[in-house]
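Step one of this worksheet: look at the structure below.
Proteins get letters first, then strands, A, B, ... in listed order; numbering begins at 1 in each. Keep in mind that the numbers below use all heavy atoms, side chains included, and drop hydrogens, waters and symmetry copies.
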Protein chains: 2
Amino acid sequence: MTPSLTSTKDIAEEVLDRFWETVPPLWGQVRGHIRAAAAEKFRLSEEQFQVLRLIRAGKGSVSQVAAARHITRPAISQAVDALVQRGLLTRTQDEDDRRHMQLALTDSGRETMDAVFKATRAWMRSRMAGFSERELENVIRAMETLRKMLE
Amino acid sequence: MTPSLTSTKDIAEEVLDRFWETVPPLWGQVRGHIRAAAAEKFRLSEEQFQVLRLIRAGKGSVSQVAAARHITRPAISQAVDALVQRGLLTRTQDEDDRRHMQLALTDSGRETMDAVFKATRAWMRSRMAGFSERELENVIRAMETLRKMLE
DNA sequence: TTATAATAGTTTCGTTACTTAACTATTAAG
DNA sequence: CTTAATAGTTAAGTAACGAAACTATTATAA
């Protein structure tokens, strides 16, 4: 048996085990925090937070947000609708392609997101205290690798 | 200003940015895959998959699963109920502390989970193809760090 | 040109995934 | 021995989805 092939297989297996014991609890915890921070202070559901976050990050349409979240367009359409009604988002028809609705944060939406991010950042920062620069750099590199795995 | 302090701050900031652009899409994609694989083949919702996964990983009570998922006990209680009715889980009263209900997979539950995991593993493994041993080892180390951040 | 297909978004309707509040049963602590 | 804490459930309501069917618009191709 080829040693390199075998050990590569073992590492893949190891990554999978670590993945299951790390990512779901990590995500669950962040999710729980967002629910507490965003929901209570700003009356934002986690879903609404995610939609606003992605639009803030440059996604400009229902389809783009849906693709990024890996959920269906109707789900995003509904979330967007609520956010427009709450004055956090605008939906304007594109002149060149009138099927396309351009999504954008309002001033109020931007302010809300800044505030939520600030609170979340402070919380996450406190979790990172006590870790060495080396460890954190390593985490950054790992995230790059993981991101490449998403195509 | 202390250089090490400044650069530590910058790294924390960097980790946060990477986190937001990596973890939610990663999790969303895995989630989407679970929905497709577990739901269609085995009629398991994502929530049910998560509950079974945690019990398989050693969580033995509604409270433990709820804590691990960062959601409320009633939510887990209901999910467990459905799984018991479907014959994937057993709920037996603990003799020493009769408030406590011991949760355990049935043979059918174990088989189902093995099958779902096998399918998911194959899918994830295909995503990891093309990455070097070094990169994957780095991911493992990073997951350890992240796990420590969860206490 | 005009069908036809593809794309962007929405509406409707149903199901599932939660939450909060109130409840039972049991054990622990004052 | 009563009060508090813990484990779990039930009930009722809401939000977060998905599937299917629909409108409007643009692209393709006959």
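Shown here for Ser108(B) and Gly87(B), the closest heavy-atom pair between the two residues is CB-O, 3.9 Å.
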### Query
Could you write nucleotides 9-20 of chain D as a row of B, S and -, 5' to 3', where a protein heavy atom under 4.0 Å of any base atom gives B, of only sugar-phosphate atoms gives S, and otherwise -?
BBBB---SBBBB
### Task
Using a 4.0 Å cut-off on protein heavy atoms (strictly under), produce a 5'-to-3' string for nucleotides 22-29 of chain D with B for base contact, S for backbone-only sugar-phosphate contact, and - for none.
--BBS---
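Note on Glu144(B) versus Lys148(B): no salt bridge recorded, every NZ/NE/NH1/NH2 to OD/OE distance being 4.0 Å or above. A salt bridge links Glu14(A) with Arg18(A): at least one charged nitrogen is closer than 4.0 Å to a carboxylate oxygen. Ion pair Asp114(B)/Arg121(B) not flagged as a salt bridge, since none of the NZ, NE, NH1 or NH2 atoms sits closer than 4.0 Å to an Asp/Glu carboxylate oxygen.
Arg91(B) pairs by the side chain to side chain donor-acceptor pair (under 3.5 Å) definition with Asp81(B), not counting sequence neighbours. Among residues two or more places apart in sequence or in another chain, the ring pair (Phe, Tyr, Trp, His ring centres under 6.0 Å) test is passed with His33(A) by Trp123(A).
Rounded to whole angstrom, the span from the CD atom of Gln50(B) across to the P atom of dT16(C) amounts to 17 Å. Straight-line distance from the NE2 atom of His100(A) to the P atom of dA8(C): 8 Å, rounded to whole Å. Atom NZ of Lys59(A) is separated from atom C1' of dA8(C) by 17 Å (rounded to the nearest Å).
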### Per-nucleotide pairing state of DNA chain C [Watson-Crick or G-U, under 3.5 Å; [ ] pseudoknot-crossing; | other strand]
.||||||||||||||||||||||||||||.
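Of the side-chain N and O atoms in Ser63(A), none sit less than 4.0 angstrom from OP1 or OP2 of dT7(C).
Looking at Thr90(B), its side chain never comes within 3.5 Å of a backbone N or O of Thr106(B) through a donor-acceptor pair. Of the possible polar contacts, none joining the Ser77(B) side chain to the Arg73(B) backbone as a donor-acceptor pair under 3.5 Å is found.
In this structure, Gln93(B) places its CD atom where more than 12 heavy-atom neighbours from other residues, nucleotides or ligands lie under 6.0 Å away.
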Report, one line per pair, each donor and acceptor closer than 3.5 Å where one atom sits in a side chain of residues 43-50 of chain A; sequence neighbours left out.
unit_1	atom_1	unit_2	atom_2	d
Ser45(A)	OG	Gln48(A)	N	3.1
Glu46(A)	OE1	Arg31(A)	NE	2.7
Glu46(A)	OE1	Arg31(A)	NH2	3.3
Glu46(A)	OE2	Gln50(A)	NE2	3.2
Glu47(A)	OE1	Arg69(A)	NH2	2.4
Gln48(A)	OE1	Ser45(A)	N	3.0
Gln50(A)	OE1	Arg53(A)	NE	3.1
Gln50(A)	OE1	Arg53(A)	NH2	3.1

